[in-house]
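Reading through the structure tokens given below for one structure.
Predicted, not measured: the structure shown is a model, and the values here were computed from it. Each chain gets a letter, A, B and so on, in the order the sequences are listed, and its residues count up from 1.
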Protein chains: 2
Amino acid sequence: MTHHLLDYATRIREQGFRLTPQRQLILDAICEGDQHVTFEEICRRVQAKSSAINQATVYRTLEFLSKLHLVTTAEISGDKVYEIATETPHHHLVCRSCGAVESLADSFLSELSARLRQEYHFKTELSHLVITGVCAKCGGDNG
Amino acid sequence: MTHHLLDYATRIREQGFRLTPQRQLILDAICEGDQHVTFEEICRRVQAKSSAINQATVYRTLEFLSKLHLVTTAEISGDKVYEIATETPHHHLVCRSCGAVESLADSFLSELSARLRQEYHFKTELSHLVITGVCAKCGGDNG
DNA sequence: TTCGTTATTGCAGTTTTTTGCAATAAGGTA
DNA sequence: TACCTTATTGCAAAAAACTGCAATAACGAA
Ligand SMILES: [Mn+2]
Ligand SMILES: [Mn+2]
Ligand SMILES: [Zn+2]
Ligand SMILES: [Zn+2]
């Protein structure tokens with residue numbers, strides 16, 4: 001279990017929203033997945049537990065959870081994926097050649113953030129950035 | 001005119017593909033737009049010149065031009081936008097609060113790139129990155 | 001615990017995006 | 001120039017994503 005139901009309940013309710021069984025199931029479905037989960041996977045998991053949840057609800061819930069920053073999303077090699085948002089954000093290196101997805105600590109972007117703040121007075125909110133390129137293994141060729 | 005037809009013709013043909021009137025019109029449509037153009041805008045412009053171009057063709061062409069790196073794309077505040085790819089890439093700062101879109105020189109990312117290459121042997125191919133945050137104007141509040 | 005307000009869901013479209021396939025035409029070759 | 005190969009288009013149908021609205025149910029207040 002990657003998420004703590006109580007926290008979520010609180011964070012949802014203190015904004016005037018409601019914690020429904022559908023939302024719980026969808027949160028669970030995202031947690032159970034291996035890091036990044038697609039819409040189809042979420043639907044599959046949700047329906048396995050409670051068959052009668054409408055897809056429209058899943059679409060709306062994912063958008064809702066994203067807006068509340070309880071879930072983070074990204075497009076990785078053409079697929080839109082979802083993931084439970086953790087305390088400290090992380091990012092990814094994605095290889096254009098072999099598709100490998102590596103994680104990158106948020107600290108890697110702090111210099112960039114600092115500079116943007118200094119030079120542009122722009123306060124970055126970098127969460128779940130996807131950086132494409134060619135990984136070590138795919139190295140010299142194919143580039 | 002932001003693009004040079006001859007260059008495009010060459011770059012398309014030397015990969016074994018064909019330069020069709022549809023592709024020319026779509027390239028023109030993207031050029032005529034003000035930097036970032038949406039799918040609807042492209043369709044509107046294209047159809048103004050030659051009414052009978054199928055939307056499926058526009059979808060397929062945009063994907064085609066992206067793959068050839070003749071066109072670059074990004075999702076800015078929920079809208080997918082297209083733009084002619086230039087010699088040197090650029091990126092954007094997008095304000096979550098007021099929606100302002102500012103351009104960012106590629107050089108801002110060279111330190112990050114260098115570090116990823118050193119520490120991960122990962123060769124970044126950063127083109128048209130979108131960095132969200134809060135702009136100078138929107139500053140302290142709303143954050 | 002009961003009630004009332006209103007956020008949320010399910011349903012049934014509607015719109016957007018993708019896809020298969022036959023017809024067309026780009027562009028290399030003779 | 002005429003012809004051939006096959007990349008590309010248009011069409012129609014399918015799949016995916018989004019919406020409006022009436023019915024439902026979460027949850028704070030009494
Ligand atoms: Mn992730
Ligand atoms: Mn741009
Ligand atoms: Zn790789
Ligand atoms: Zn702003």
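Look at A:Thr20 and you won't find any side-chain N or O under 4.0 angstrom from OP1 or OP2 of C:dT8. For the pair A:Tyr59 and D:dC18, the criterion of a side-chain N or O lying under 4.0 Å from OP1 or OP2 is not met. Here B:Asn54 does not reach the OP1 or OP2 of D:dT9: none of its side-chain N or O atoms lies under 4.0 Å away. For D:dA25, neither phosphate oxygen OP1 nor OP2 lies less than 4.0 angstrom from any side-chain nitrogen or oxygen of A:Gln22.
A donor N or O paired with an acceptor N or O is not found under 3.5 Å between the base of D:dT8 and the side-chain atoms of B:Arg23.
Comparing A:Ile53 and B:Gln55 by the nucleotide of DNA chain C whose heavy atom lies nearest to each, the residue mapping closer to the 5' end is A:Ile53. Comparing B:Glu63 and B:Arg13 by the nucleotide of DNA chain C that holds the closest heavy atom to each, the one mapping nearer the 5' end is B:Glu63.
Ring to ring, B:His91 and B:His128 are not that close: their centroids are 6.0 angstrom or more apart.
Here the OG1 atom belonging to B:Thr61 is positioned 3.5 Å from the CD1 atom belonging to B:Ile26, to the nearest 0.5 angstrom.
Residue B:Arg60 is classed as a base contact, given a heavy-atom separation below 4.0 Å to a base.
Taking only side-chain atoms of B:Ala56, from C-beta outward, the nucleotide of D:dC11, D:dA17, C:dA25 with the closest atom is D:dC11.
Judged by the 6.0 Å and 45° rule, A:Arg115 forms a cation-pi pair with B:Phe108.
Under the 4.5 Å side-chain contact rule for hydrophobic residues, B:Leu93 and A:Ile131 share a cluster.
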